Peer 1: 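Pasting a structure below so you can have a look.
In this text the structure is predicted, and so the values were computed from the model without any measurement. Convention: sequence-line order gives letters A, B, ...; per-chain numbering from 1. Values below: every heavy atom of this structure, side chains too, minus hydrogens, waters and symmetry copies.
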Protein chains: 2
Amino acid sequence: MAKNSTVCRATIKDVAEKANVSLMTVSRAVRGLNGVSETTRQCVLQVVQELNYVPNGNARALVQANSKLIGLSLPTLFNDVFADALLGMRRTIEQAGYSCLVQTTDYDTEREAKWTDQLLEWRPAAVIMTGVDHHARVRSKLRGDNIPTLEIWDVTDDPIDICVGIDHLAAGHELGVHVAQLGYRKPAFVGPPEGDDPRADKRVAGLIRAFRSIGSDPLQRITVEPNNAFLMGQQGFDALPQTNRPDVVFFLNDHIAFGGMMAAERAGLTVPNDLGIVGFNGLDLNHVLARPMTTMSTPRRQMGLVGARHLLARLSGIAPPRNTHLPCTLCPGQTTRAQ
Amino acid sequence: MAKNSTVCRATIKDVAEKANVSLMTVSRAVRGLNGVSETTRQCVLQVVQELNYVPNGNARALVQANSKLIGLSLPTLFNDVFADALLGMRRTIEQAGYSCLVQTTDYDTEREAKWTDQLLEWRPAAVIMTGVDHHARVRSKLRGDNIPTLEIWDVTDDPIDICVGIDHLAAGHELGVHVAQLGYRKPAFVGPPEGDDPRADKRVAGLIRAFRSIGSDPLQRITVEPNNAFLMGQQGFDALPQTNRPDVVFFLNDHIAFGGMMAAERAGLTVPNDLGIVGFNGLDLNHVLARPMTTMSTPRRQMGLVGARHLLARLSGIAPPRNTHLPCTLCPGQTTRAQ
DNA sequence: TTGTACGCGTTATCAT
DNA sequence: ATGATAACGCGTACAA
């Protein structure tokens, strides 16, 4: 009878029997350890091929008490900036033999916490999270279990473990000061509701401080639902107050800003004279626009790279710096007035 | 002395001892199985809390001979279309208790094959791959091990297991016929080199067939290096032949088309009169453009949803259809001439 | 309702 | 250079 149409996978034992050696010899040969004669190794690897033997990662993780898995938590994939950071990170991580267990949180701390619970069952070697604002349970579990943890994209005095990011408060402030110096006095911000994206909130705090210090109108915060970036920009523009309209709008990111600019021009406004448009991140989108956008360029690729390196160092017992600030670069563009 | 600053994690055994019950009672209580009195369960769960017990997924996977892990392979994350498909998929999958092991291949079949080898060590419950063109080794391994496999984004007569996608050849043909009927006769295509993206190649084949049947100039294929989408569009436009310039350009996708259009207009051309611009996918970008782009809308979200459902059905023993075609929708826009 | 014995596939450790 | 044995933490099967 057919042997119950099930997966039939070879184990070390199968290989050992067929090769007429012990389990340990196979194990050593497969892992490329010393202490196996060249002839034996050849023979074993030969059998491994024939039997299509694939080591069982679960068994290995079990006996070694932790796995070659790394948990990776991102807010969303609908945003090139995270893809950018990932690019730098994933390669480094995978070359070191780790695999990534990925989740997206949609900026929901609860979701993140639930996923963490699920993740910990796999005894991951490390965890990478976006931002530094997490559910208290997550912090305490990761700390308590002493799991190497990398927080990326933001900085804090008290990271869970190690942290590589930019100072969003300072970036917001620098951007605000620049724009204020250009003469804009009625600022608005278009982005998610307060509380959804802690990094956005910090940048807004920086903007507020910048404009308050020169006695301008207070910054108006316009809320748009998470959606396609270009649509969000359009919705953000539509939501601007008609009377006493702002003279400059800071958008959550460049793509949203572009959507807002399109909407503004369709509504008959002239950028930057009637309305200044400011983005964030310095995406490559800028390079194709007729007029480059005023924005703040963030070191995304580098954050990923540096973060991954520090984490790997941590995994091999070397203590990396707990906190790494990376610099942003102001990009004055033509979507705000000159001078 | 400090107990070697290492992870100290509670096991079932620890819980059992503290709760004064057997291992099995704990196991049952934790998994919510029947056969445990309410009082015992309360007591056990109480101890679980205190000890911060988290079941070991590796041990579980080992004894059950396969894990609650699903492998997921995507070409890139720098493309909203994959994020779209994922959105529909991941939720469904995660609610069923699975976690995703993600990779990106950068359209490299070799990379995909290597990753698959690594993945199989985890004894995943299922594998999801993009497209239907894979390394022969991958096909045979997945088939040989009888692993539930979902191929998404494309269709074929001979899927590894199950398959949900669109017919790229037909989509290309339909788009080509539409544009040809508008009177364009010198078509070009801007995208990756032939062989890199099999789905793009199929669409190109459809375009070629459409234009050949009306005896127009043959379609010129312009190659651009993978890069930021907007930049690729710009580069694609720059690479168009100056003499006997094409009168319509099909781009790999909408974002690239947008970059191309910007470049064309900066070069002084009028769209759609001097040059027709055609995208692919029907991204939301279109909704904010002053003139919507001519494109073919793809059912990305739906592919993800349907695919995930079929896969879950497969995992619970129900046989879903092997092959599911989903329809595309032609979106005539204003970046090609009317009539 | 609860408990006991065994095995899952691997590696560490200690022989030989 | 090679092998025997004992874990690792859990679930299945059966017994009480």
Peer 1: Can you tell me if B:Gln64 touches the phosphate of D:dT12, counting only side-chain N or O atoms and a distance under 4.0 Å to OP1 or OP2?
Peer 2: yes
Peer 1: I'd like to know if B:Arg28 reaches the base of D:dG11 with its side chain, counting only an N/O donor and acceptor under 3.5 Å.
Peer 2: no
Peer 1: Using a cut-off of 4.0 Å on non-hydrogen atoms, how would the nucleic acid contact of A:Val36 be classed: base, sugar-phosphate, or nothing?
Peer 2: sugar-phosphate
Peer 1: Between the side chains of B:Glu94 and B:Ser99, does any donor sit under 3.5 Å from an acceptor?
Peer 2: no
Peer 1: Between D:dC8 atom C1' and A:Glu121 atom CD, what is the distance in whole Å?
Peer 2: 17 Å
Peer 1: Starting from P on C:dA12, measure out to CG on A:Asn66 and report it in whole angstrom.
Peer 2: 12 Å
Peer 1: For the residue pair B:Asp157 and B:Arg322, establish whether any side-chain heavy-atom pair is separated by less than 4.5 Å.
Peer 2: no
Peer 1: On the nucleotide D:dG9, are OP1 or OP2 found under 4.0 Å from the side-chain N or O atoms that B:Arg60 carries?
Peer 2: no
Peer 1: Given D:dG3, D:dA13, D:dG9, identify the nucleotide with an atom nearest to the side chain of A:Thr25.
Peer 2: D:dG3
Peer 1: Do the side chains of B:Asp117 and B:Arg137 get close enough for a salt bridge, i.e. N-O under 4.0 angstrom?
Peer 2: yes
Peer 1: Using a cut-off of less than 4.0 Å, is there contact between a side-chain N or O of B:Ser22 and OP1 or OP2 of C:dG3?
Peer 2: yes
Peer 1: Which comes earlier along DNA chain D counting from the 5' end, the contact point of A:Thr39 or that of B:Leu62, where each point is its nearest nucleotide?
Peer 2: A:Thr39
Peer 1: For the pair A:Arg143 and A:Asp158, find out whether any cationic side-chain nitrogen is under 4.0 Å from an anionic carboxylate oxygen.
Peer 2: yes
